[in-house]
Structures are given as structure tokens and as C-alpha cells.
Trainee: 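Quick one: the structure is below, questions incoming.
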Amino acid sequence: MRADRLVTMSQPVDSAVSAVRTYIEQHRAAFLDDLAEWLRIPSVSAQPDHAPDVRRSADWLAAKLKDTGFTTAEVWETPGAPAVFAEWPATDPAAPTVLVYGHHDVQPAAREDGWDSDPFEPVVRGNRLHARGAADDKGQVFFHTLGVRAHLAATGRTAPAVNLKLLIEGEEESGSPNFRTLVEQHADRLAADAVIVSDTGMWSEDTPTVCTGMRGLAECEIHFSGPDQDIHSGSFGGAVPNPATAAARLVAALHDEHARVAIPGFYDGIVELTDRERELFAELPFDEQQWLRTAKSYATHGEAGHTTLERIWARPTAEVNGIGGGFQGPGSKTIIPSTAMVKLSFRLVAGQDPDHIEKAVRAWAAEQVPAGIRYEITFAAATRPCLTPLDHPALQSVARAMGRAFDKPVRFTREGGSGPAADLQEVLGAAVLFLGISVPSDGWHAPNEKVELDLLLKGVETSAHLWADLADTWRHAP
């Protein structure tokens, strides 16, 4: 039986599963009380007035990790908001090292935004815990604290089966401006065999999934200049180049008739989907019409030969994020505008190099812009894509641990967005795995953000099973 089929099988309830569930049930109330205490800290990194709260959140977490049993728990300074690092060594010198990543900062929130209650006063309605950060990301960070204690209780260990480290960032909701530098500065202490990112989600409550990768991101602005000022279109139109027309022609040249990106070299080196990965995507209960309603759109569109899920998870894209130039007020103003602009973004998949993409875009733009139009391209800092192969032993450990917790088949997804996980993969040279239990209805960044309590505790269970499985299988890794 192939490994990628093996990990989708549910596991029988055994003594370890029972022991873990018993421990979690005994400590559920205290765990939720502690989480609620942390959620009351409005650690909004994007608002300077909340800087003391972000620091208070970091201090609170470091102290709680010490209480949990981590032998090291430190607040790491950055030029912005502080991060938290913790470590709990295994007793086995041959044990693998695992780094858990998450973040303790949250999005802004206020009652007047549409919340049914104070966003920083956690409230349970039914089986849901509502508060800013309940799912993104404090709840998903915090389930590891009870998970590691349940792991010890079920196995009789005094230390985790792996060398366990945590890096909990304080600026993720502000774009992680200091994260890569922080990782580079502390690369020796952060060294790991695998990274577990707990800042993600599952397909649905009924379909537990493990994410295998995220796309990267490159962004640029192109500014076009023609005449030194707006000029009369009757006196000069048709006789001098128009920067707005140049911008429109460049955008029109971005894709071919099959919706493929037409920039030469754009697809160089990409890792194509395997037949098995396409089969696994197709097994997911995807309702395209429901997806369109969520997207507030009326038809699907994209690269020919690929499904919607393949397009948003595993294919690179080029999008026009903004275009402007010339007169845009009411009425008419018959001019040749002096300037125009375009904002472009490129989602990248495994095998694509942001530096190569930047060079390719610059060369392509030079071919599109006519004589007499001056232009300037500015690129923002890029995010690299990350991908873990289906047969990676650490990925299989995550899937098996989740299968034991949910007692259901575990399937695989990818994420269409981008995040700081790629920095961890690139700097540390470690495989990146995603372990999250949030579902789309949790409302990340929205009013009334919540986490399903049953799923949160399934995250605790998964964490409890993961460390022993990972320690056992890693020794047999090729």
C-alpha cells in the first residue's frame, strides 16, 4: 500500500487515544480558562496604542509556557513587537527537533465593527468560543500547551519525545516585517528537522485535512510617464504616446488566450502537480457554485487544463490589483494624461524563484512600453513558496496524528495565500508542515471570530499524538 494512501486511513481507538482523551477532559476547564485570560489581552500589532498590550501578551505566554514545563521560555525583542521562544529538550539524544510556529498578535476589533459582544471579552455560545484571536491564532497556538501535557501523561514520559521548540511571532498581522531577520539572527537556536505551522485551517468540520504547501508572492508597481503635463487630445492625440494606453496594453499582454501568464520565463522550474495530488484534490467535497457565492463572483476563470482548486492552490498567477491614470471625475476632460500606473501581484508555486520572476517581469515590461513613455518598476519584498512532498515522513506523522484524533480519513490541501512559513523553510532548511483545526466559518479578521470547541480539543489531541509518532518514524526516514 502506498504511503499517501496509508495516511488517509482512520486509526482504531487504542489505549493511548483513550488516555489522551481522558487527560484532556480532566483539564478542559482549566485550559479554556487560561485561553480566555490570554484572549482578553488586546494584542493588536497594527495599532501603536496597543504596543504595551502586545508586550503583555508575550510576557503572559512566556510565563504560561514555563508553567507548562518548557525549560526555556524567553521574550525575544525585535525593532517592532516581541516574539516568544520556548524549548523543551527530549531525554533521547537521537530524538528529532521540531519547531512550532504561530503568532500572538491579533487583528484590530471593536464592538462597533459588528461584534455581538466585546471582542476582547471571550464568550461561549453553544459550543463556540467567540473572541478576537480565538482561531487566529491564539487558540491554535495554545492547544499545544495542553497537547504536550497530554502526550506526557499518556506515554509516562517526563519530557516530550522530540526536542520541542516554539517560536510565536508578534507581528504576523502586520506583515511580519522583522520576522526573517529574527529567524536569521537566531538560526542556531531555532534549528530543527521540521517546522509545524499552527496558523492554518481545515477544509471543514466534517473533513479534516492537512495543508502541504503555500504559494509565494511577488508584487510590483509600474508608473508610466508621457507628456510633462496633461495635454489636449484634439491638438496632440494620435501623434504622441499615451501613458494610459501603454498601461492598458501592458495589462492586456499579461495573459494569453488560455489564461496562462505570457511573461517569458515565468513558468521556469515550477514543480508540477503529480497525478496523485490531482486525485487527492478531486476527492475533496468541493461545491463550485457555493465557492462562487463565497467569492461574490459569477463564473470561474483561469488557466486552461486545471480545476478551480488546482488554480488557487498549485498554479502560479498574475493579477492586476490596480490600474489608473488620467481624468476620472464626472463629465469629460479630453486629455492625453501625463501619467498612469499599474499594480501587479504574482502568486508563486514551488520551484519558482522570486528573483527570477522580478527579472522576467522587468524584461517583459521593457518590451511592452513604447518609445516616448518613461516608466519605473518598484518591487516589494517577496515571499517564497513552500511545499512538502506527500511522502515526507513528517507529513505522514501529522496526518496519522490527526487521523487518530478525528477517527476519520485525513485528506490533503494547499493554501492559495502566502505567509512567513517560507522564511522558516529557507533559513532553517527544514520541512514545513501545517497543523490547524480552524474552519472557514471561524471568521478570521471578521466580527464575531470564533473557534469550534470540539475542533480546538481535536487540535489538542492531534498535538498529543504527534510527538511520539514523529520521534518513532523520523528514525526510519530515508
Side-chain angles (χ1 to χ4, degrees), residues 31 34-35 38 41 43 45 54-55 57-78 81-90 95-106 133 136-152 157 159-172 176 178-180 182-183 185-200 394 397-398 401 419-421 423-425 427-428 430-437 456 459-460 462-468 470-471:
F31 166 74
D34 285 343
L35 175 58
W38 194 21
I41 302 175
S43 49
S45 62
V54 180
R55 179 165 297 280
S57 171
D59 291 338
W60 186 95
L61 178 58
K64 187 58 62 176
L65 292 174
K66 273 283 193 180
D67 290 344
T68 297
F70 283 83
T71 57
T72 298
E74 302 170 353
V75 174
W76 282 359
E77 301 297 335
T78 78
V84 175
F85 171 78
E87 185 173 15
W88 194 341
T97 299
V98 182
L99 173 69
V100 173
Y101 166 84
H103 63 91
H104 67 93
D105 64 320
V106 299
D136 181 24
D137 181 37
K138 289 179 177 177
Q140 300 204 91
V141 167
F142 202 58
F143 73 58
H144 285 288
T145 62
L146 182 54
V148 70
R149 297 203 309 271
H151 160 66
L152 299 180
R157 297 174 180 271
V162 299
N163 297 304
L164 186 58
K165 301 179 181 181
L166 272 67
L167 178 61
I168 311 303
E169 185 187 359
E171 296 182 302
E172 194 274 345
S176 302
N178 299 294
F179 184 68
R180 186 182 178 94
L182 181 72
V183 174
Q185 289 175 342
H186 298 283
D188 54 339
R189 297 190 66 186
L190 295 171
D193 298 298
V195 176
I196 303 294
V197 174
S198 284
D199 184 24
T200 185
S397 286
V398 174
D423 289 331
L424 291 164
Q425 184 181 54
V427 176
L428 303 181
V432 172
L433 300 313
F434 297 85
L435 170 55
I437 49 75
L456 184 64
V460 175
T462 302
S463 174
H465 295 308
L466 178 57
W467 311 131
L470 199 51

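Values below: all heavy atoms of this structure, side chains included; hydrogens, waters and symmetry mates excluded.
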Trainee: A187: what forms a side-chain contact (heavy atoms from CB on, under 4.5 Å) with it, not counting sequence neighbours?
Mentor: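 With neighbours one apart ignored, the set is V427, L428.
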Trainee: Apply side chain to side chain donor-acceptor pair (under 3.5 Å) to E171 and list each qualifying residue two or more places apart in sequence or on a separate chain.
Mentor: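 If we apply the side chain to side chain donor-acceptor pair (under 3.5 Å) test to E171, skipping adjacent residues, the hits are N178.
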Trainee: Which residues pass the side-chain contact (heavy atoms from CB on, under 4.5 Å) test with A150, sequence neighbours left out?
Mentor: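 Testing A150 for side-chain contact (heavy atoms from CB on, under 4.5 Å), a comparison that skips the adjacent residues, returns V20, Y23, I24, A464.
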Trainee: How many angstroms lie between CD1 in I437 and OG1 in T200, if you round to the nearest 0.5 Å?
Mentor: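 Interatomic distance, I437 CD1 to T200 OG1, rounded to 0.5 Å: 10.5 Å.
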Trainee: Check whether any side-chain heavy atom of V84 lies under 4.5 Å from a side-chain heavy atom of L166, and answer yes or no.
Mentor: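 No. Closest side-chain heavy atoms not under 4.5 Å.
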Trainee: How far does CG of L167 sit from CD of E87, to the nearest 0.5 angstrom?
Mentor: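 Here the interatomic distance stands at 12.0 Å.
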Trainee: For residues 187-198, which residue pairs qualify under side chain to side chain donor-acceptor pair (under 3.5 Å), counting only residues two or more places apart or in two chains?
Mentor: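 For residues 187-198: E74-R189, H144-S198.
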Trainee: Between T71 and K66, which heavy-atom pair has the shortest distance, and what is it?
Mentor: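 Between these two residues, the closest heavy atoms are O-NZ, 3.0 Å.
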Trainee: So, taking the atom named CG in D105 and the one named CD1 in I41, what distance separates them when rounded to the nearest 0.5 Å?
Mentor: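 These two atoms lie 13.0 Å from each other.
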Trainee: Could you list the residues that satisfy side chain to side chain donor-acceptor pair (under 3.5 Å) with E77, not counting sequence neighbours?
Mentor: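 Applying side chain to side chain donor-acceptor pair (under 3.5 Å) to E77 gives R55.
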Trainee: How long is the span from the CG atom in D59 to the NZ atom in K64, to the nearest 0.5 Å?
Mentor: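 The CG atom of D59 sits 13.5 Å away from the NZ atom of K64.
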Trainee: Taking the ring of F142 and the ring of F31, is the distance between their centroids below 6.0 Å?
Mentor: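 Yes - the distance between ring centres of F31 and F142 falls below the 6.0 Å cut-off.
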Trainee: Which heavy atom in Y101 sits nearest to a heavy atom in I168, and how many Å separate them?
Mentor: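 What the structure gives for the nearest pair is C-CD1, 4.4 Å.
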Trainee: Between L65 and A86, which heavy-atom pair has the shortest distance, and what is it?
Mentor: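 So the two residues come closest at CD1-CB, 3.6 Å.
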Trainee: Should H186 and F85 count as side-chain neighbours, where that means a heavy-atom distance under 4.5 Å?
Mentor: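 No, every pair of side-chain atoms sits at 4.5 Å or beyond.
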Trainee: State which residues pass side chain to side chain donor-acceptor pair (under 3.5 Å) with K165; sequence neighbours excluded, sorted by chain then number.
Mentor: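 By the side chain to side chain donor-acceptor pair (under 3.5 Å) rule, K165 matches no residue at all.
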Trainee: Check for a donor-acceptor pair, side chain of N163 on one end and backbone N or O of A90 on the other, with a separation under 3.5 Å.
Mentor: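 Checking the backbone N and O of A90 against the side chain of N163, a donor-acceptor pair under 3.5 Å is found.
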Trainee: Who pairs with W88 by ring-ring contact (aromatic ring centres under 6.0 Å, His included), at least two apart in sequence or on another chain?
Mentor: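 Partners of W88 under the ring-ring contact (aromatic ring centres under 6.0 Å, His included) test: F70.
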Trainee: Could you tell me the separation between the CG atom of D67 and the CG atom of D34, rounded to the nearest 0.5 Å?
Mentor: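 Between atom CG of D67 and atom CG of D34 there are 8.5 Å.
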Trainee: Which pair of non-hydrogen atoms, one from E169 and one from S176, has the smallest distance, and what is that distance?
Mentor: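 It is OE2-OG, 2.7 Å.
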Trainee: CG/L424 to CG/L190 distance, rounded to the nearest 0.5 angstrom?
Mentor: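 The CG atom of L190 is 7.5 Å from CG of L424, to the nearest 0.5 Å.
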Trainee: Could you pull out the closest heavy-atom pair between A161 and A95, with the gap in Å?
Mentor: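 Nearest heavy atoms, A161 then A95: O-CB, 3.4 Å.
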Trainee: Does D137 reach the main-chain N or O of G102 with its side chain, forming a donor-acceptor pair under 3.5 Å?
Mentor: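 Not confirmed, D137 side chain does not pair with G102 backbone.
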Trainee: What heavy-atom pair brings G436 and Q140 nearest, and what distance separates the two atoms?
Mentor: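 Smallest interatomic distance, heavy atoms only, reads CA-OE1, 3.1 Å.
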Trainee: So do K138 and S43 actually touch side chain to side chain, heavy atoms under 4.5 Å?
Mentor: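 Yes, their side chains come closer than 4.5 Å.
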Trainee: Check the pair D136 / V106 against side chain to side chain contact (heavy atoms under 4.5 Å, CB included), numbers first and verdict last.
Mentor: CA-CA 7 Å; D136 181 24; V106 299; over 6 Å; no
Trainee: Under a 4.5 Å cut-off applied to non-hydrogen side-chain atoms, are T68 and R149 in contact?
Mentor: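 Of all side-chain heavy-atom pairs linking R149 with T68, at least one is under 4.5 Å.
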Trainee: Taking side-chain contact (heavy atoms from CB on, under 4.5 Å) as the definition, give me every residue that meets it alongside A194, ordered by chain and number, with sequence neighbours left out.
Mentor: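 Checked A194 against side-chain contact (heavy atoms from CB on, under 4.5 Å); matches are A394, L433, W474.
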Trainee: So L466 and V98, side chain to side chain contact (heavy atoms under 4.5 Å, CB included) or not? Walk me through it.
Mentor: CA-CA 11 Å; L466 178 57; V98 182; 6.0 Å; no
Trainee: Would you mind reporting whether T462 and F143 have side-chain heavy atoms less than 4.5 Å apart?
Mentor: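 Sidechains of T462 and F143: no contact.
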Trainee: In chain order, what residues pass the side chain to side chain donor-acceptor pair (under 3.5 Å) check against S57, with sequence neighbours excluded?
Mentor: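 W38, H104.
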Trainee: Under 3.5 Å, side chain of S463 to main-chain N/O of G459, donor-acceptor pair present?
Mentor: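 Pair absent, no side-chain N/O of S463 close to backbone of G459.
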Trainee: Can you name the residues that form a ring-ring contact (aromatic ring centres under 6.0 Å, His included) with F434, not counting sequence neighbours?
Mentor: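 Testing F434 for ring-ring contact (aromatic ring centres under 6.0 Å, His included), a comparison that skips the adjacent residues, returns none.
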